[in-house]
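A short worksheet on the structure shown next.
All residue numbers in this chain count up from 1 along the given sequence.
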Amino acid sequence: MRLGFALVLAGALGACAPEAAPSDPAPAGEPGPGKACADGFALDADGACVDLPAPASCPAGSRPRLGASACERVGWSGWEGSDAAPGAACEGATREAVGEANCVPIGDCVDAVPPGAIRVGPSGLATIAEAVAAAPDGATIAIDAGLYEEALVVTKPLVIVGRCASMVEIRSPAGNMRAGVDVRAGAVTVRGVTLTGHVDGVAVARDAVATIERVVVRDARYAGIYVEGRATIKESKIEDTHPHTAGRGGFDLAVGGGAEASVEDSALSGGVQGVFSGGPGTKLALSRVVITRQAPDPAATIRPVGVAVLTGARVSLSRTILRDLVADGAVATEAGGTAELDETIVRDVRGSGSSARGYGLLATLGGHVVARKTSVTAVSAFAVMSRDEGSSMDLASATITVPAPATPPPESATLTNDGSGGGISISKSAKSTLDDVAVIGAWGFGVYADGGASLAMKHSFVDAMRAFQGADGARMTGVGLTVNNGAVATISDVTISRCAASGITVGKRGNLRGDRVLVRDVVEGAAASTGAGLSVGAAGEVDLDASAIDGATASGVIVTQGGGSTVRLSRSSIHGTRPAREGFAHGVTVRLDARVTLEATSIVDNPGIGVAADGGRALVHGGAVARNAVGIHAQGGSFLIETDDADAESLGDGEVRVAPSTRFVSNGTRVGSGEVPLPAPALP
């Protein structure tokens, strides 16, 4: 039967005032027949299940969590001293070091000459090449302080030791087109020298093994160190590598062709790419390495990147810092390349034209990134991007922070911006998992899943989103989580707060499933009628259990745009919606061609309408509608029916079906009538 008590809504902008009529009856003290509140919820004075209060604010590195009275740690903030860095580039035989605020020396210049060593310099042979030619397998060559214009070819096991990198320089002869030390066979150690201006500082052939210690390589013309065999690099610095003829090269370190290499306690500075790694079976491990100041070179044919991993190679980064880059990405993977990050910091990545777009972590064209205990800060484009079918991005215990710029983007900024200062983007059928991830202060989008992407997100936090406004002032992006264009997202135990346009937006066949989601304190942005906790349109589908939307603006949930948009909320609550400039403050708004199912869900403390239907369909089954100005309202072809039929699929056009088990308590008035303005969605 049709519900009675039809009363007129007053106020041209949707401000609802009750007539002089009895209020809803007193509560019976139960959430519904046989229904208990979900974990994290409790009965309030009117018998509605409402989420237990979470802290109003939390210190950095923690989050409010649904049903928890204390803040919970989230993300990863680095190790002690992780933000330390010298104020300027380290010159000569000094290098940047992880966690050090000052440049550290490369070698101590007091190494004793090993007994039986072949001497080069005033007390021995005139050239290093002579010593290499004369030395038996396994011999040690000791180089005195001085400048040597040479390029060495080594085909046997040797140890080549200079006094120290600040006192021994091996400079490329004029016209030389070879490596400074070309290791073609055997196990060779190079220690305590500076290699300047060679095509490659050190080249290690496929069948060779090299140990490179306390070495400086500078101004190489293809790669600082090039490895096709096996190499260990320690306490060294490679800087200012340039492209070779025809724009080829510009790598500080290039490892490929099935090579295996490790780099420890070293710095890669300048160049176009700090690390290039490619080829099936290629493995590279970086530990306590600083990668910095890579930037575009007009002569280069490669894009600037901190670490590039391609075609089946695998690179691991541990306790490593990538900072102060003008690059396409700090870490970029493609074509089956995999980068594994642990205790790694990325910060200050800037864009410059089309070749350096300023991303943080990139997995595209079938690339893979696995990041544990990772921090990405001050990246000018998206901090994290996974794009294209076959690509994947897996983050655990990660923090993404976008500091406020000195001059915020103008309100006229267009939506064509590529995500300047954005959080995480997953698109074009890529996959991503986020576990214990914090995204703080991003512009435009916190987490954006689009174009058939697959996202699994849990135990995570999106906070303090800032908005880009369209040029016409009518549209705005400042969304915590967006699921769009056929993307599918599953989320669990996620908090989204302080967004500047919408907490969650789902549209264009996007599909969102989740539980224990807390969306709160969504503020109205500069564009009119934004601020919804959950905005759904254009065939979007949402199914949330045991979740809460607190303190949204205009409408806690708005479902619009038709095309079969559907929302199901079970054992959840929507409360405390705040008025927008236009006067709206509703719990749920469902418009033409959309459908909302509310099962054992409480709609409470909304100054406007609890559930407003404008041509849309709704099933309200169990739960409580309490302390709203108006409990429920239908217009624009929607109409109310009271029945216990809980089959949402059978709802007719415009039917708003309310089960007798649904409790209407302490509302200003139970049912409204007439035509009132309703809010528009944050995004189309």
Side chains of [X] and [Y], heavy atoms from C-beta outward: is any pair under 4.5 Å?
X	Y	answer
P403	T377	yes
M393	I424	no
F461	S497	yes
V625	T662	yes
V439	L434	no
H575	R627	no
V523	R578	yes
R288	E264	yes

Within the side chain of [X], is there an N or O that forms a donor-acceptor pair under 3.5 Å with the backbone of [Y]?
X	Y	answer
S602	S573	no
D44	D46	yes
T553	V522	yes
T589	S555	no
T601	L598	no
Q294	T292	yes
S82	E80	no
N628	I603	yes
T344	L317	yes
H586	I609	yes

Going from [atom1] on [X] to [atom2] on [Y], what distance comes out if it is rounded to the nearest 0.5 angstrom?
X	Y	atom1	atom2	result
I345	S375	CD1	OG	5.5 Å
S535	I504	OG	CD1	10.5 Å
S277	L310	OG	CG	8.0 Å
I549	I574	CD1	CD1	5.0 Å
L66	D39	CG	CG	9.5 Å
F445	T505	CZ	OG1	8.5 Å

If you take all heavy atoms of [X] and [Y], which pair is closest and at what distance?
X	Y	answer
A42	L52	CB-CD2, 3.5 Å
G556	T577	N-OG1, 3.6 Å
A332	V305	CB-CG1, 4.0 Å
G537	S565	C-OG, 3.3 Å
V290	E96	CG1-OE1, 3.7 Å
G533	V519	O-CG1, 3.6 Å

Please name all residues satisfying salt bridge (Lys or Arg N to Asp or Glu O under 4.0 Å) with D550, sequence neighbours left out, ordered by chain then number.
-> none

By salt bridge (Lys or Arg N to Asp or Glu O under 4.0 Å) - contacts of D83 (at least two apart) | none

Going through the distances and angles, do T374 and L395 end up as a side-chain contact (heavy atoms from CB on, under 4.5 Å)?
-> CA-CA 8 Å; T374 296; L395 306 182; 5.9 Å; no

[X] with [Y]: basic N within carboxylate O range, under 4.0 Å:
X	Y	answer
R323	D348	no
D324	R350	yes
K373	D342	no
R568	E541	no

Positive for side chain to side chain contact (heavy atoms under 4.5 Å, CB included) with I496, one of L481, V447, V479 =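 So, applying the side chain to side chain contact (heavy atoms under 4.5 Å, CB included) to I496 and each of L481, V447, V479, only L481 qualifies.
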
Hey, which of T495, V437, D436 is the one that makes side chain to side chain contact (heavy atoms under 4.5 Å, CB included) with V74?
-> D436

Should E343 and V98 be marked as a side-chain contact (heavy atoms from CB on, under 4.5 Å) after you check the CA-CA gap, both sets of side-chain angles, and the distance that decides it?
-> CA-CA 11 Å; E343 293 195 38; V98 170; over 6 Å; no

Side-chain H-bond candidate by donor/acceptor type, [X] with [Y], under 3.5 Å:
X	Y	value
S392	H368	yes
D394	T433	yes
S427	R387	no

Audit row: D605, V50, side-chain contact (heavy atoms from CB on, under 4.5 Å) steps and yes/no | CA-CA 10 Å; D605 291 324; V50 179; over 6 Å; no

For side chain to side chain donor-acceptor pair (under 3.5 Å), just list the numbers for S492 and R516, CA-CA rounded to whole Å, side-chain angles, deciding distance to a tenth of an Å, and then say yes or no.
-> CA-CA 6 Å; S492 180; R516 294 174 292 147; 2.8 Å; yes

Just grab all the salt bridge (charged side-chain N to carboxylate O under 4.0 Å, His left out) pairs involving residues 482-504, residues at least two apart or on different chains.
->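 Every salt bridge (charged side-chain N to carboxylate O under 4.0 Å, His left out) pair that includes a residue of residues 482-504, provided the two are not neighbours, is R63-D493, R65-D493, D463-R498.
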
C37/L43 under side-chain contact (heavy atoms from CB on, under 4.5 Å): CA gap, chis, key distance, verdict | CA-CA 7 Å; C37 296; L43 286 174; 3.9 Å; yes

